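Beneath this line is the structure, given in structure tokens, with notes to follow.
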2 protein chains.
Amino acid sequence: MNHLGSELGSVCIIGNGLIGGSLMRDLAASGVRVFGSTHSEAAAAQAVAEGFEVSSSLTDALLRAEAEHALIVVAVPFDAVGSVLDAVAEHAPSCGVTDVVSVKAPVLELVAQRGMLKRYVGGHPMAGTAESGWAAAQTGLFEGAAWVVAYDFAQECSGAGEHVPESWVRVFAQVCRMAALVGSEAVPVTARKHDETVARISHLPHVIAEALAVTGDRGGPMAQSLAAGSFASATRVAGTRPALVRNMCETNAAQLVEVLDEYIALFEDARATLAGDPPSMQALAEAGHTAHERMSARSGARRESVSPVAVSSRPVMRVHPGGPGWVEQLEQIEALGGRVEVF
Amino acid sequence: MNHLGSELGSVCIIGNGLIGGSLMRDLAASGVRVFGSTHSEAAAAQAVAEGFEVSSSLTDALLRAEAEHALIVVAVPFDAVGSVLDAVAEHAPSCGVTDVVSVKAPVLELVAQRGMLKRYVGGHPMAGTAESGWAAAQTGLFEGAAWVVAYDFAQECSGAGEHVPESWVRVFAQVCRMAALVGSEAVPVTARKHDETVARISHLPHVIAEALAVTGDRGGPMAQSLAAGSFASATRVAGTRPALVRNMCETNAAQLVEVLDEYIALFEDARATLAGDPPSMQALAEAGHTAHERMSARSGARRESVSPVAVSSRPVMRVHPGGPGWVEQLEQIEALGGRVEVF
């Protein structure tokens, strides 16, 4: 076990779908003591057969977490989060808690309702595939990905001139170490900013893919025959199971609706100028190209590096959780879209 | 030179950008006698230095085309098509003419205005890259792609109970042979159906990519940091030069506006249900997934074949141009989105 692993301690993962299962594989491969539970007897049996400690009893897993002072990772769909938090409150009252749900403000609200803010740090690894379930879980899924770490509670304490509780600082450091252990980069963001951002760069592309697939399909066999690269790229994520797309988009509906309005307004402007005489798409074509250059500057750096060592395109700041001015440092990193390394 | 090449005869390509230049490279590699012109002295010199017969004089190229009974391929942007056709009328009055412009009905109209319908067959190879110009031209660009062949004039003759003129039949066969020579598949389509289809599967994805790039970019550094695969896929074609995007979309504005209205309506429906209580994206998520399965069934077959011989996913029909019932056969192929092989 390496240095990061030794400081992390035990990890208890509730839910073993694509994200929870992949996290379990990576942590186990790093030598971390990791165990968990799933509501599916079959999935638990499959994981056990592969040598993982996965119970079909949520209570058993949480009792063990409490005994081992484990970090609890809630890796269930949003609809199940409330009941899992209730069980955590009952069976693991002293454990730190994080999650991997794709929306952060609604989870934060569930946590606040249960009086668990002092030991909860929201998380969201920006990784995934179109597949789901334990069968799709794989090692290396999080390599190079952003692992969002929501620090709202620390910001509120700091804003009120209060000290951030030790319990919270400890969980924050654990989540950052866990993210680093699986090869991803801890990006501090407030829940609201996270939810608005993923509406723009993840949920909107899903809505787009669905709507474009429908519009293309209405063109019948000729559209099937002539569709080429640009159509395939833009509709790729429409291959995701509808239930997963609904879950993401509906959970973040408030933010997504605002972004949809922005996007529809751009379309209506373009429609108006294209219907003009002469037709023009000058404004959108030029703004879109400029925006694309800016957006791809960073991801381009991530993808196209020829260095054998993966080079991150995110600015890094080293932070000592709980140290002087550390919350202000997180705010600076957030403004840059940067990553944090804890020491 | 193989059988197809020997039946094709000389080819004169006007314009040597990405499409015209790539076509010249492929035809030359197949042993076809190919020459052409470009308005750019520098591009002509570059092509000549590489061993190609490219003149900076349109007149010279057309005079040679007339002398050699060459097939003339108009490979210039739409804005320049009218003046090239005028020059063809003056200097190459007996040559067959085709084009590679991404919109077909407006070109057909320019041809009709000049009384050249009997010797013109519209074409559109569904291939390209985000790059442009002779420098980006490459061999193999058209491999496996659809090469749209517009047969409106034949359909009109046939509908009026008239014989399709020999001159037109000959050009149709030449265009199909040229498409086959460069590895692409001749797909017969009427101009109007082509323009509606490319609005759906090519021009709409370009508008989408621009608008999504702008919406994502408004999220600032955090959006740059968190954007992952779904965003990159859906905005890829926003890397195309704005002038090229404008040219495609503005030339096909009438069809594109109709498709934009369909697409915007889907978005507004989804926006309404996502703003509801509870928020729902059920209808669009399910319709989009189904449409994606249908649309990717064919392109999937194209991409994922493990056969060493490329297997086409387009149904094929062998047709003898000018033979009994051949125009009805083209109509049947069009209804299937299929391809034609001429004999």
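Because the structure is predicted, anything quoted here is derived from the model rather than measured. Chain A is the first sequence line, chain B the second, and so forth, proteins listed ahead of strands; every chain is numbered from 1. These values consider heavy atoms only, across backbone and side chains, with no hydrogens, waters or symmetry-generated copies.
For B:Ala146, the part sitting under 4.5 Å from any heavy atom of chain A is the side chain, from C-beta outward, and nothing else. For B:Leu274, the parts sitting under 4.5 Å from any heavy atom of chain A are the backbone and the side chain alike. In this structure, chain A has a heavy atom under 4.5 Å from the side chain of B:Asp261, while its backbone stays farther away. Contact of B:Leu266 with chain A is made through the side chain alone, with heavy-atom distances under 4.5 Å. Within the 4.5 angstrom heavy-atom criterion, only side-chain atoms of A:Val237, from C-beta onward, approach chain B. Heavy atoms closer than 4.5 Å to chain B are found nowhere in A:Ala254, neither backbone nor side chain. For A:Leu284, the parts lying near chain B are the backbone and the side chain together; criterion is any non-hydrogen pair under 4.5 Å. Using a 4.5 Å cut-off between heavy atoms, B:Leu336 touches chain A through its backbone atoms (N, CA, C, O) alone. For B:Ile264, the part lying under 4.5 angstrom from a heavy atom of chain A is the side chain only. The contact between A:Val187 and chain B is made entirely by side chain atoms (from C-beta outward), counting heavy-atom distances below 4.5 Å. Contacts of B:Glu334 with chain A are made by both backbone and side-chain atoms, with heavy-atom separations under 4.5 Å.
Residues B:Met295 and A:Thr235 form no side-chain contact, since every pair of their non-hydrogen atoms from C-beta on lies 4.5 Å or further apart.
For the pair A:Arg314 (side chain) and B:Ser225 (backbone), a donor-acceptor distance under 3.5 Å is present. No donor-acceptor pair under 3.5 Å is formed between the side chain of B:Glu210 and the backbone N or O of A:Ala287. Between the side chain of A:Glu262 and the backbone N or O of B:Thr215, no donor-acceptor pair lies under 3.5 Å. The backbone N or O of B:Met281 lies less than 3.5 Å from a partner atom in the side chain of A:Glu250, making a donor-acceptor pair.
Atoms CE and OG1, on B:Met222 and A:Thr190 in that order, are 8.0 Å from each other to the nearest 0.5 Å.
For A:Arg192, the CZ atom is loosely surrounded, since the number of other residues' heavy atoms within 6.0 Å does not exceed 12.
A tilted orientation is assigned to the rings of A:Phe267 and B:Tyr263, their planes being inclined by 30° to 60°.
Looking at A:Arg236 and B:Ser233, their side chains do bring a donor and an acceptor atom within 3.5 Å of each other.
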